Amino acid sequence: MREGLTWRPLTRSDAQTSADVGRPDGSRIEPWSEATDEEFRLVRNEAYRENWGSVPMPVELWKNKVTNQTFRPSVSFLLRDAGGAAAGVLVTMNWEADTEATGVRDAHFMVIGTLPEHRKQGVASALLGHALRAAVDQGYDRALLSVDSANSSGAFGIFERAGFAATMRYVRWALEA
């Protein structure tokens, strides 16, 4: 066997808001709405196109896996560029049963995606800063996310700069032929 894909769960457990992160010039951040749901899905699909094991989510799968009972629209955001086009998304989920069992209310940042042509411009950092402030304002105790350790977009560094720390390491093992 050989080590294959490695995932790192990251946690930001303090209840402090992130440092004020700027946004790309002329951009604006707006919350999820029924009217923007399709843009969220399309941005996610394009942003994740090159991620290992990721496939485009058709509408029904998006509804089943993302905008379901764990989805938190008030902590989910779309960043638009100066021209008004969608550039990135952040989708948050929360499992109430986990909160009841642990006494800790987690904001799980399950989808964080930036369109390739908008990468390295601060889109993900702006979305993270905005979502962290919203989570604190809405009474969440900590924020969680996970990232492929080999992610080529630099996501791990973005998350560390936002105050997240790795808590574990998961390895998917592969059989050698």
Side-chain angles (χ1 to χ4, degrees), residues 8 10-12 14-52 54-59 61-63 65-68 70-94 106-140 142-165:
R8 305 290 307 261
L10 292 103
T11 302
R12 184 181 164 115
D14 62 0
Q16 302 298 312
T17 58
S18 67
D20 194 21
V21 177
R23 288 193 320 252
D25 287 343
S27 67
R28 68 182 191 275
I29 295 176
E30 57 190 59
W32 178 92
S33 70
E34 289 281 343
T36 59
D37 183 61
E38 181 64 0
E39 285 182 284
F40 270 74
R41 186 183 71 81
L42 293 173
V43 169
R44 180 265 173 215
N45 284 347
E46 184 59 29
Y48 280 56
R49 183 177 301 281
E50 297 174 5
N51 288 15
W52 184 92
S54 181
V55 296
M57 291 184 120
V59 172
L61 184 60
W62 175 260
K63 288 178 182 177
K65 295 285 187 185
V66 179
T67 57
N68 58 33
T70 64
F71 175 58
R72 298 298 176 252
S74 64
V75 196
S76 298
F77 302 99
L78 172 78
L79 185 139
R80 293 189 184 281
D81 67 15
V89 296
L90 185 146
V91 174
T92 303
M93 296 179 158
N94 169 268
D106 294 325
H108 293 262
F109 297 161
M110 299 299 287
V111 175
I112 304 169
T114 302
L115 293 175
E117 63 271 21
H118 293 283
R119 291 186 182 148
K120 310 288 185 208
Q121 297 175 28
V123 171
S125 295
L127 285 164
L128 278 167
H130 194 84
L132 285 165
R133 281 188 296 279
V136 168
D137 290 349
Q138 294 177 40
Y140 287 90
R142 66 182 175 189
L144 309 172
L145 54 86
S146 70
V147 64
D148 172 0
S149 296
N151 182 300
S152 63
S153 71
F156 194 80
I158 292 167
F159 302 149
E160 283 188 318
R161 285 190 297 280
F164 286 85

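Please read these numbers as outputs of a predicted model, since none were measured by experiment.
- In this structure, the side chains of V66 and M110 stay at 4.5 Å or more apart for every pair of heavy atoms.
- A 6.0 Å sphere centred on CG of D25 holds no more than 12 heavy atoms belonging to other residues, nucleotides or ligands.
- Residue E117 places its CD atom among more than 12 non-hydrogen atoms of other residues, nucleotides or ligands, all under 6.0 Å distant.
- A donor-acceptor pair is defined here as one N or O able to donate and one able to accept, closer than 3.5 Å; no such pair exists between the side chain of R44 and the backbone of G113.
- With hydrogens and angles ignored, the 3.5 Å screen pairs a side-chain donor or acceptor of T36 with a backbone N or O of S33.
- Contact detail for P31 and P73: the closest heavy-atom pair is CB-O, 4.5 Å.
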Can L127 and F109 be said to form a side-chain contact (heavy atoms from CB on, under 4.5 Å), step by step?
-> CA-CA 11 Å; L127 285 164; F109 297 161; over 6 Å; no
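- For the pair R119 (side chain) and A47 (backbone), a donor-acceptor distance under 3.5 Å is present.
- Not one N or O on the side chain of Q138 forms a donor-acceptor pair closer than 3.5 Å with the backbone of V75.
- Note: H108 NE2 to N94 CG = 6.5 Å, rounded to the nearest 0.5 Å.
- In this structure R49 satisfies the side chain to side chain donor-acceptor pair (under 3.5 Å) test together with E46, sequence neighbours excluded.
- To the nearest 0.5 Å, the span separating NE2 on H130 from OG on S76 amounts to 10.5 Å.
- A side chain to side chain contact (heavy atoms under 4.5 Å, CB included) with F40 is found for exactly one of V111, V91, T67, namely V91.
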For a quick test of your reading: what N or O donor-acceptor pairs under 3.5 Å do the side chains of residues 80-89 make, sequence neighbours left out?
from, atom 1, to, atom 2, distance (Å)
R80, NE, E30, OE1, 3.0
R80, NE, E30, OE2, 3.3
R80, NH1, E39, OE2, 2.9
R80, NH1, G84, O, 3.0
R80, NH2, E30, OE2, 3.3
R80, NH2, E39, OE1, 2.6
R80, NH2, E39, OE2, 3.3
D81, OD1, G83, N, 2.9
D81, OD1, G84, N, 3.0
D81, OD1, A85, N, 2.9

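- With values rounded to the nearest 0.5 angstrom, T92 atom OG1 is found 10.5 Å from L144 atom CG.
- Looking at heavy atoms from C-beta onward, I112 lies in side-chain contact with L128 at the 4.5 angstrom threshold.
- In this structure D37 satisfies the side chain to side chain donor-acceptor pair (under 3.5 Å) test together with W32, W62, sequence neighbours excluded.
- Side-chain contact between Y48 and M57 is absent, with no heavy-atom pair separated by less than 4.5 Å.
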